[in-house]
Amino acid sequence: MTERTLILVKPDGVKRGLAGEILRRIEAKGYTLVAVHLRTATEDVLARHYAEHVGKPFYEPLVEFMMSGPSLAVIAEGDRVIEGFRALAGPTDPTTAPPGTIRGDLGRQWPTTVLQNLVHGSDSSASAEFEIGVWFPSL
Ligand code: IDP
Ligand code: MG
């Protein structure tokens, strides 16, 4: 089923010059880029985007990291792209993410644990719809 997902190249990925490599992998898989937008997240955007994590020990460091520079927000479209991009990204922790995945190939443990893991991808159709509205309010 054709669907859309919200992908972020997080500030570490943009700073390290990996936005192009990450977009390349999305396109090489056959997904279509529908919209891209470079922007530095505000606290309000992050409070909505990461609502499920408010109150967790890593929430404040996560917000600080996400406000440290621009992220590349991407809407990608394709057959089962929500699940497919999560597979391309790999598991949350770059140290144990398998080679072949974005986090496994390009992520690294240093300088922080887990936090700086290059990308975000929506995890369900409900979150994709919600997150697209958060990052692309005019669409
Ligand atoms: P996901 O990005 O793989 O879906 P989530 O559990 O939704 O992972 O966590 C959101 C983001 O919060 C992660 O991508 C990562 O940047 C950060 N994060 C998650 N767990 C930890 C942790 O234990 N320590 C530090 N940062 C974390
Ligand atoms: Mg998540």
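All residue numbers in this chain count up from 1 along the given sequence. When reading the values below, keep in mind they use all heavy atoms of this one structure, side chains included, and skip hydrogens, waters and symmetry mates. Every number for a ligand or one of its atoms is a count from 1 in the order of the listing.
Listed here is the closest heavy atom pair of Val119 and Arg103: O-NH2, 2.7 Å. Nearest approach of Ala19 to Val9, heavy atoms of both residues: CA-CG1, 4.2 Å.
Geometrically, ligand 1 and Tyr50 share no nitrogen or oxygen pair separated by less than 3.5 Å. In terms of polar-atom proximity, Gln116 is not counted as a contact of ligand 1, lacking any N or O under 3.5 Å from an N or O of the ligand. In terms of N/O distances under 3.5 Å, ligand 1 is approached by Thr92.
Remark: among candidates Arg103, Lys56, Lys10, the nearest residue to atom 2 (O) of ligand 1 is Arg103, based on non-hydrogen atoms.
Applying the 4.0 Å criterion to heavy atoms of Asn117 picks out, from ligand 1, the atoms 13 (C), 14 (O), 15 (C), 16 (O).
Neither the backbone nor the side chain of His49 has any atom closer than 4.0 Å to an atom of ligand 1 (non-hydrogen atoms only). Residue-level proximity to ligand 1 for Leu115 is carried by backbone and side chain together, each with a heavy atom below 4.0 angstrom. Looking at Asp123 against ligand 1, nothing comes within 4.0 Å, counting heavy atoms. With a heavy-atom cut-off of 4.0 Å, Met66 does not touch ligand 1 at all.
At a threshold of 4.0 Å, the pair Arg86-Glu83 does not count as salt-bridged, since none of the basic side-chain nitrogens sits closer than that to a carboxylate oxygen.
Here the heavy atom of the protein found nearest to atom 23 (O) of ligand 1 is Phe58 CD2, 4.0 Å. From the protein, the heavy atom lying nearest to atom 5 (P) of ligand 1 is His53 NE2, 3.5 Å.
Put simply, the side chain of Phe65 reaches to within 4.5 Å of the side chain of Lys10, judged on heavy atoms.
Of the options Arg4, Glu3, Glu129, Glu131, a side-chain hydrogen bond (donor to acceptor under 3.5 Å, both in side chains) to Ser122 is made by Glu131 and by none of the others.
Here NZ of Lys29 is found 12.0 Å from CZ of Arg25. Values are rounded to the nearest 0.5 Å.
There is no side-chain donor-acceptor pair under 3.5 Å between Trp135 and His37.
Distance alone, capped at 3.5 Å, places no donor-acceptor pair between the Asn117 side chain and the Asp93 backbone.
At least one heavy atom of Arg86 sits closer than 4.0 Å to an atom of ligand 1.
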